[in-house]
Amino acid sequence: MIKIKFPDQTEREFSEGINPIEIAKSLSNSLAKEIIVATVDGNLWDSTRPIYTNCEIKLHKWDDTEGKHCFWHSSAHIMAEALEYFYPGVKFGIGPTIENGFYYDIDLPDGATISDSDFAKIEKKILEIAQGKHDFARKEVSKDEAIQYFQHKGDQYKLELIDELSDGTITFYSQNSFTDLCRGPHLADTSYIKAVKLMSIAGAFWRGDEKRKQLTRVYGISFPKQKLLDEYLHMLEEAKKRDHRKLGKELELFMFSPKVGMGLPMWLPKGAMLRERLENFLKKVQKKYGYQQVITPHIGMKDLYVTSGHYEKYGKDSFQPIFTPAENEEFLLKPMNCPHHCEIYKSKPRSYKDLPLRLAEFGTVYRYEQSGELHGLTRVRGFTQDDAHLFCTPDQISEEFKKVIDIVLYIFKTLKFNDFTAQISLRDPSDKKKYIGTDENWEKAEQAIIDAASEKGLTTKVELGEAAFYGPKLDFMVKDALGRKWQLGTIQVDYNLPERFELEYVGSDDRKHRPVMIHRAPFGSMERFVAVLIEHTEGKFPLWLSPEQFVILPISEKYNEYANQVLQMLDAYDVRGFIDDRNEKIGRKIRDNEMKKIPYLLVVGEKELENKTLSVRKQAEGDLGMQTIEEFARFINKEIEKELE
RNA sequence: GCCGAUGUAGCUCAGAGGUAGAGCACUUCCUUGGUAAGGAAGGGGUCAUGGGUUCAAUUCCCAUCAUUGGCUCCA
C-alpha cells in the first residue's frame with residue numbers, strides 16, 4: 001500500500017500502481033470523468049500513469065491551467081496525426097500549447113501547401129480520430145531507440161531535439177497511428193476532445209532562428225464541449241469590437257495613408273484633442289515633480305548618434321540618412337531623444353546643486369520597423385514619446401527611480417489600468433557582447449532597479465536578455481483587447497550615455513563627477529498608450545479625455561436657437577460639446593450620438609426653453625432628469641474632478 | 001523581411017469570364033417629431049496598381065503596393 005496526500009492535507013492509502021483516474025474514482029465517479037491530468041509531487045503526471053510510491057497528488061480538471069494545457073497538448077498530437085494523414089511525409093518540429101490553444105510547426109513535403117481552406121477537412125479528421133477513443137500510450141525509450149525511430153521516419157527536426165536530451169529521460173507518446181517524442185503528460189484517451197478549430201497558419205523559423213528553415217505553423221484550439229468553442233469564438237468577436245484600429249476609424253481619432261507611408265499615423269482633430277489632454281495632464285504632474293520641458297529638433301547629425309552609440313547599433317537598419325546638398329553633411333531622423341538632451345545638459349557647467357536635472361519632452365522619433373511588425377497605433381514608424389531624462393548623482397538614483405514609479409502608478413490609477421505587469425529586464429548573462437557599458441555599471445544599475453521596485457511594493461517579473469542595449473529597465477506591460485501584451489511605461493537606468501557624452505558635474509568636493517541618467521516614459525508613446533486606452537475603454541473615454549463631452553439635441557428646429565445659447569453658456573464653463581441640429585427626430589439623434597459614445601446627451605425642447613433647463617441623458621445609462629445649465633456645468637466639472645482625484 | 005490571408009461606393013460587405021450590387025453614410029424634398037433607426041427621390045466606383053492570358057478580365061495568372069494573423073511563449 002502507498003500513502004497519498006491530497007491538497008487539503010488529508011491522507012489515504014491505496015494499492016501500489018494505482019493511477020490518478022482510479023484515485024479520483026474512489027472519491028466520486030463524476031470527478032473521475034473530469035480528470036485530465038494530475039500533479040504528483042510537483043511533477044505533471046498522466047491520469048493513467050501508475051503511481052508506486054507515497055506522494056502528494058493534485059487532480060486537474062479542464063478548469064485548471066494544467067488541465068487545459070494537457071488537453072491542448074494532446075490535441076496538438078491528434079492534429080499532427082491528421083496532418084500526416086493528409087500530407088504523408090510531413091516532418092514535425094515542435095507542437096506546444098500556448099495561452100489559448102496550441103500549434104504545431106510542420107515542414108510540408110515538397111510541393112505541398114496548406115491554407116485555411118484546408119482547415120475544415122483537417123478539423124473533421126481530428127474529430128474523427130478523437131471519437132475513435134484511442135489511448136495515449138506513454139513509453140520510456142532509450143536515446144538509441146528514439147534516434148532509430150526518427151531516423152527511420154526521416155524527421156531531422158525531432159532528431160535535433162533528441163540530440164539535446166540525455167538518455168534515460170526520453171519518452172514517446174502514441175495514439176492511434178501516430179507516435180511523437182514527448183515529455184507529456186497527455187489525456188487518457190482521445191475521446192475527451194469534442195470540438196476543435198484551426199485558427200490560422202503562419203511561417204515560423206525553426207527554433208526561432210531566421211537563418212534556419214521556415215516551417216509552417218498551424219494554430220488551433222480545442223474544447224471538451226462544443227459550447228465552449230462557440231463561447232470562445234464569440235468572445236473573440238467581442239474583442240474585435242474593441243480593436244483600436246476599428247474604433248479609431250469609427251470615432252475619427254487617427255488615420256493612416258499609404259501615400260504618407262506605412263506606420264506613420266496621422267491624428268485627426270478628435271484624436272489630437274484626446275492626445276493633447278493626456279499630454280497636458282502629464283505635463284502638470286511632471287511640473288509638480290520638478291521636470292522642465294524642452295523641445296529639440298527631429299533630426300540630428302550622424303556624429304551625434306555615433307557618440308551615443310545608436311548609429312552603430314541601429315544605423316544600418318534605420319531610415320536612410322539625410323544629406324545636405326552643399327556641404328554633404330549627414331543627418332539622421334532621430335530614433336531617440338536622449339542624445340539631444342545630453343547636449344542640453346552639456347550646454348553649461350553643472351553643479352551638484354543643479355541635480356537632479358529633469359528634462360522632459362514630448363519628442364517625436366522615427367524608427368524603421370520591419371513592415372510585417374507594424375500594427376495599428378501600437379507598432380509604428382513615427383511616434384511621440386512622453387520622454388524625460390533625469391540627470392542625477394549616483395546616490396540620487398534610487399530616490400529618482402522611485403518617484404518615477406510613483407508617476408507611472410498615478411497615471412495607471414487615474415486611467416484605471418489595474419491589470420498590468422511590471423517587468424524588470426536585465427542583461428542576458430550569457431551574451432554580454434550585445435550590450436555596451438562596463439560590467440560594474442550594469443550590476444549597479446540592475447540592483448538599483450530591483451531595489452526601487454521592491455521598495456515600491458511592485459510585483460515584478462524578471463526577464464533576462466530583455467534589457468535595452470545601453471541599460472536595464474523596468475517596463476509596465478498592459479494587454480490589448482486580443483490579449484497581446486504591449487510595453488507602455490518604461491524606466492531605464494543608463495550609465496552609458498553620460499560616459500559617451502562625457503557629462504560632468506562639479507561636486508561639493510569641487511571635483512568633476514559623472515552623472516547618471518534615467519530615461520523614463522510613463523505612457524511609453526502617445527500612440528501606443530492611446531491605442532491601449534481605446535481598447536480598455538471601448539472608446540468610452542473618461543469625461544476629461546472625451547473629445548466631445550456633450551451634445552445638445554434640439555427636439556425640433558424651433559429650439560436650435562436655444563441650443564446655441566446653451567452651447568455658448570457651457571463654453572464659458574470650459575466644457576466641450578456641439579449641437580446636433582440635423583433635421584431628425586429626437587430618437588434618431590439619441591441613437592446616433594449614443595453610438596458615437598458622447599458621454600452626455602442634452603435634450604432641449606419646449607419645456608427646457610421655458611424653464612431655461614436641459615434634459616440630461618448619460619450615455620449607456622439613460623435619462624438623468626432636468627438640470628439648469630449651471631447645474632449641469634457644475635455637475636460635469638465635478639465628475640471630471642472625481643476622475644482626476 | 002519571411003509564411004498565410006485580404007483589397008469592390010465614405011463605412012460594413014455581397015457578387016460574377018460578357019452593361020457593377022445591398023445596407024448604413026451623403027445630397028435634396030416631405031415631415032417639426034420628447035429619450036436608441038420617420039418617409040421619398042437622388043448623387044457616388046478605372047472593382048488597390050501595373051503587366052499577362054482571352055473575342056472579352058473587376059473576375060483567371062504574375063508582379064507591385066497596402067492592410068491583416070503569425071514568426072517569444074521551446075519535444
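So you know, we letter chains A, B, ... as the sequences are listed, proteins then strands, and number each from 1.
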Please work out which of the three classes, parallel, tilted or perpendicular, describes the rings of [Y] and [X], given edges at 30° and 60°.
{"X": "A:His186", "Y": "A:Phe136", "value": "parallel"}
{"X": "A:His69", "Y": "A:Trp72", "value": "tilted"}
{"X": "A:His244", "Y": "A:Phe254", "value": "tilted"}

Nucleotide of [options] approaching [X] most closely (side-chain heavy atoms):
{"X": "A:Phe205", "options": "B:G1, B:C73, B:G69", "result": "B:G1"}
{"X": "A:Glu606", "options": "B:U35, B:G69, B:G34", "result": "B:G34"}
{"X": "A:Pro96", "options": "B:G1, B:A36, B:C74", "result": "B:C74"}
{"X": "A:Arg591", "options": "B:G1, B:A37, B:G38", "result": "B:A37"}
{"X": "A:Ile555", "options": "B:G34, B:C74, B:C11", "result": "B:G34"}
{"X": "A:Ile201", "options": "B:G4, B:U32, B:A36", "result": "B:G4"}
{"X": "A:Arg217", "options": "B:A36, B:G33, B:C71", "result": "B:C71"}
{"X": "A:Ser115", "options": "B:G4, B:C73, B:G69", "result": "B:G4"}
{"X": "A:Ile94", "options": "B:C73, B:G69, B:C74", "result": "B:C74"}
{"X": "A:Arg617", "options": "B:G33, B:U35, B:G70", "result": "B:U35"}

Check the pair A:Tyr232 / A:Leu236 against side-chain contact (heavy atoms from CB on, under 4.5 Å), numbers first and verdict last. CA-CA 6 Å; A:Tyr232 176 73; A:Leu236 282 184; 3.7 Å; yes
For the pair made of NZ in A:Lys461 and P in B:C73, what is the distance, rounded to whole Å? 14 Å
Could you state the atom-to-atom distance from CG of A:Asp623 to P of B:A36 in whole Å? 10 Å
Which value, in whole Å, describes the distance between the [atom1] atoms of nucleotides [N] and [M]?
{"N": "B:U27", "M": "B:A63", "atom1": "P", "result": "44 Å"}
{"N": "B:C24", "M": "B:G44", "atom1": "C1'", "result": "14 Å"}
{"N": "B:U59", "M": "B:U46", "atom1": "C1'", "result": "15 Å"}
{"N": "B:A57", "M": "B:A20", "atom1": "C1'", "result": "14 Å"}
{"N": "B:C13", "M": "B:G7", "atom1": "P", "result": "10 Å"}
{"N": "B:U6", "M": "B:A48", "atom1": "P", "result": "13 Å"}
{"N": "B:U64", "M": "B:A9", "atom1": "C1'", "result": "24 Å"}
{"N": "B:G17", "M": "B:C74", "atom1": "C1'", "result": "50 Å"}

Which part of the nucleic acid, if any, lies within contact of [X], taking any heavy atom under 4.0 Å across all strands shown: a base, the sugar-phosphate backbone alone, or nothing?
{"X": "A:Glu252", "result": "nothing"}
{"X": "A:Lys158", "result": "sugar-phosphate"}
{"X": "A:Ala202", "result": "base"}
{"X": "A:Ser200", "result": "sugar-phosphate"}
{"X": "A:Gly93", "result": "sugar-phosphate"}
{"X": "A:Leu165", "result": "base"}
{"X": "A:Ile590", "result": "base"}
{"X": "A:Glu584", "result": "base"}
{"X": "A:Tyr103", "result": "sugar-phosphate"}
{"X": "A:Glu99", "result": "nothing"}
{"X": "A:Gly372", "result": "base"}

A:Lys68 and A:Asp63 ion-paired at < 4.0 Å: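 Salt bridge absent between A:Lys68 and A:Asp63.
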Salt-bridge criterion met for A:Lys270 and A:Glu548 (N-O under 4.0 Å):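 A salt bridge is present here (some side-chain N lies under 4.0 Å from a carboxylate O).
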Partner lookup for [N], please. Criteria are Watson-Crick or G-U wobble with both distances under 3.5 angstrom; report none if nothing qualifies.
{"N": "B:U46", "answer": "none"}
{"N": "B:G69", "answer": "B:C3"}
{"N": "B:A16", "answer": "none"}
{"N": "B:C74", "answer": "none"}
{"N": "B:C29", "answer": "B:G39"}
{"N": "B:C60", "answer": "B:G52"}
{"N": "B:C24", "answer": "B:G10"}

Does [X] put a side-chain nitrogen or oxygen below 4.0 Å from OP1 or OP2 of [N]?
{"X": "A:Lys249", "N": "B:U12", "answer": "yes"}
{"X": "A:Arg245", "N": "B:U68", "answer": "yes"}
{"X": "A:Tyr219", "N": "B:C71", "answer": "yes"}
{"X": "A:Tyr559", "N": "B:U32", "answer": "no"}
{"X": "A:His69", "N": "B:C73", "answer": "no"}

Side-chain donor/acceptor of A:Ser615 to base of B:G34, under 3.5 Å: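 Flag set: donor-acceptor pair detected.
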Any donor-acceptor pair under 3.5 Å between the side chain of A:Glu373 and the base of B:G70? no
Do A:Tyr85 and A:Asn176 meet the criterion of a side-chain donor-acceptor pair at a distance under 3.5 Å? no
Flag for A:Thr613-A:Gln627: side-chain donor and acceptor within less than 3.5 Å: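 No, because no side-chain N or O of A:Gln627 sits under 3.5 Å from a partner of the opposite role on A:Thr613.
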Judged by each residue's nearest nucleotide on RNA chain B, which is more toward the 5′ side, A:Gln619 or A:Glu250? A:Glu250
Quick check on RNA chain B: between A:Asp116 and A:Gly587, whose nearest nucleotide comes earlier from the 5' end? A:Asp116
From A:Asp107, A:Asp180, A:Asp105, residue fulfilling salt bridge (Lys or Arg N to Asp or Glu O under 4.0 Å) relative to A:Lys158: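 Only match with A:Lys158 under salt bridge (Lys or Arg N to Asp or Glu O under 4.0 Å): A:Asp180.
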